[in-house]
Amino acid sequence: LHSNSDKGDGSVKYILTGEGAGTIFIIDDTTGDIHSTKSLDREQKTHYVLHAQAIDRRTNKPLEPESEFIIKVQDINDNAPKFTDGPYIVTVPEMSEMGTSVLQVTATDADDPTYGNSARVVYSILQGQPYFSVDPKTGKNLFDM
């Protein structure tokens, strides 16, 4: 944060208010540098609304109107997909046709679906080939033999 009125002589004081000001976000009142004091988690809070102002240290009067800014927390792939039901138990009738749908599983991911591929769920089978396969996009499980 920097005011055009700041000549670098220490006469300007920067103040930060709003969500997390003074606890999660701190401001150096002389330089206007803003820092976070801890790691931010998008799954706990997606954004913070802060207000900043430059005031004259001698008169305590604002040098500029208060500014509002929003800090958006960018997601990382920090959540593993979770199956919504389970464990899954399915029976397959003998003599079932190849390609018979046996089960459809569903998993969800708490990561942000609008940013990157962090929340993208891809299904695969770890055991059971060549008898079973799964559609990687839908989670639909098929009997193959």
Side-chain angles (χ1 to χ4, degrees), residues 1-92 96 98-144:
L1 185 67
H2 187 76
S3 169
N4 290 338
S5 303
D6 191 345
K7 306 294 185 237
D9 59 2
S11 63
V12 175
K13 180 179 181 180
Y14 294 97
I15 298 172
L16 187 67
T17 59
E19 298 174 301
T23 55
I24 298 170
F25 301 101
I26 56 170
I27 189 167
D28 181 315
D29 70 350
T30 303
T31 64
D33 292 343
I34 300 171
H35 300 275
S36 63
T37 60
K38 66 177 195 166
S39 293
L40 306 176
D41 187 350
R42 192 216 47 99
E43 284 77 29
Q44 289 180 356
K45 189 156 180 65
T46 60
H47 68 281
Y48 297 84
V49 179
L50 295 168
H51 300 269
Q53 193 159 38
I55 62 169
D56 186 303
R57 280 191 196 271
R58 293 182 299 277
T59 65
N60 223 25
K61 293 194 178 187
L63 297 171
E64 295 178 14
E66 183 177 84
S67 297
E68 177 181 275
F69 56 99
I70 298 170
I71 296 176
K72 292 183 179 179
V73 181
Q74 195 173 53
D75 199 18
I76 61 170
N77 193 4
D78 60 343
N79 291 286
K82 293 187 189 283
F83 286 99
T84 54
D85 297 313
Y88 297 96
I89 300 171
V90 178
T91 57
V92 180
S96 292
M98 189 169 97
T100 299
S101 177
V102 176
L103 170 71
Q104 184 159 2
V105 296
T106 304
T108 60
D109 192 310
D111 291 316
D112 184 358
T114 64
Y115 180 75
N117 288 321
S118 295
R120 186 170 164 242
V121 176
V122 178
Y123 298 94
S124 63
I125 291 182
L126 300 178
Q127 293 178 321
Q129 302 96 341
Y131 304 108
F132 298 95
S133 64
V134 67
D135 183 305
K137 292 181 183 175
T138 66
K140 192 171 190 178
N141 188 297
L142 302 173
F143 174 65
D144 284 343

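All heavy atoms count here, side chains included; hydrogens, waters and symmetry mates do not.
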- Show your working on side chain to side chain donor-acceptor pair (under 3.5 Å) between Tyr14 and Asp6 and close with a plain yes or no. CA-CA 10 Å; Tyr14 294 97; Asp6 191 345; 2.7 Å; yes

- Query: Please walk me through it: do Arg57 and Asp9 pass side chain to side chain contact (heavy atoms under 4.5 Å, CB included)?
  - Reply: CA-CA 11 Å; Arg57 280 191 196 271; Asp9 59 2; over 6 Å; no

- Under the side chain to side chain donor-acceptor pair (under 3.5 Å) criterion, do Asn79 and Asp109 qualify, and how do the steps go? CA-CA 6 Å; Asn79 291 286; Asp109 192 310; 5.1 Å; no

- Message: side chain to side chain contact (heavy atoms under 4.5 Å, CB included), that's the test. Do Phe132 and Val90 meet it? Break it down for me.
- Response: CA-CA 12 Å; Phe132 298 95; Val90 178; over 6 Å; no

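Using a 4.5 Å cut-off on side-chain heavy atoms (C-beta onward), Ile27 and Phe25 make no contact. Counting heavy atoms from C-beta outward, Ile24 and Lys38 have side chains that approach closer than 4.5 Å. Using a 4.5 Å heavy-atom cutoff, the side chains of Val121 and Thr108 are not in contact. Counting only heavy atoms from C-beta outward, the side chains of Leu63 and Val12 approach each other to under 4.5 Å. Put simply, the side chain of Asn141 does not reach to within 4.5 Å of the side chain of Tyr88, judged on heavy atoms. Under the 4.5 Å side-chain criterion, counting only non-hydrogen atoms from C-beta, Tyr131 is not in contact with Val92.
The CD1 atom of Ile55 sits 11.5 Å away from the CD atom of Glu66 when rounded to the nearest 0.5 Å. Summarising the geometry, atom NZ belonging to Lys72 is positioned 8.5 Å from atom NE2 belonging to His47; distances are rounded to the nearest 0.5 Å. Rounded to the nearest 0.5 angstrom, Leu16 CG and Ile26 CD1 are separated by 10.0 Å. To the nearest 0.5 angstrom, Leu50 atom CG is 7.0 Å from Glu19 atom CD. For the atom pair CD1 (Ile15) and CD (Gln53), the distance works out to 6.5 Å, reported to the nearest 0.5 Å. Asp33 contributes atom CG, which lies 10.5 Å from atom NE2 of His2 (distance to the nearest 0.5 angstrom).
Closest heavy-atom contact between His51 and Val49: NE2-CG1, 4.1 Å. Listed here is the closest heavy atom pair of Asn4 and Lys7: O-NZ, 3.6 Å. Among all heavy-atom pairs drawn from Ser3 and Glu64, the shortest one is OG-OE2, 2.6 Å. In terms of heavy atoms, Glu43 sits closest to Asp111 at OE2-OD1, 3.3 Å. Taking each heavy atom of Ala52 and Leu1 in turn, the nearest pair found is CB-CD2, 3.2 Å.
Under the side chain to side chain donor-acceptor pair (under 3.5 Å) criterion, the residue pairs touching residues 113-125 are Gln74-Tyr115, Asp112-Thr114, with sequence neighbours excluded.
Taking a cutoff of 4.0 Å between a charged side-chain nitrogen and a carboxylate oxygen, Arg42 and Asp75 qualify as a salt bridge.
At least one donor-acceptor pair under 3.5 Å links the side chain of Thr84 to the backbone N or O of Thr106. A donor-acceptor pair under 3.5 Å is formed between the side chain of Thr37 and the backbone N or O of Thr23.
A 6.0 Å sphere centred on NZ of Lys45 holds more than 12 heavy atoms belonging to other residues, nucleotides or ligands.
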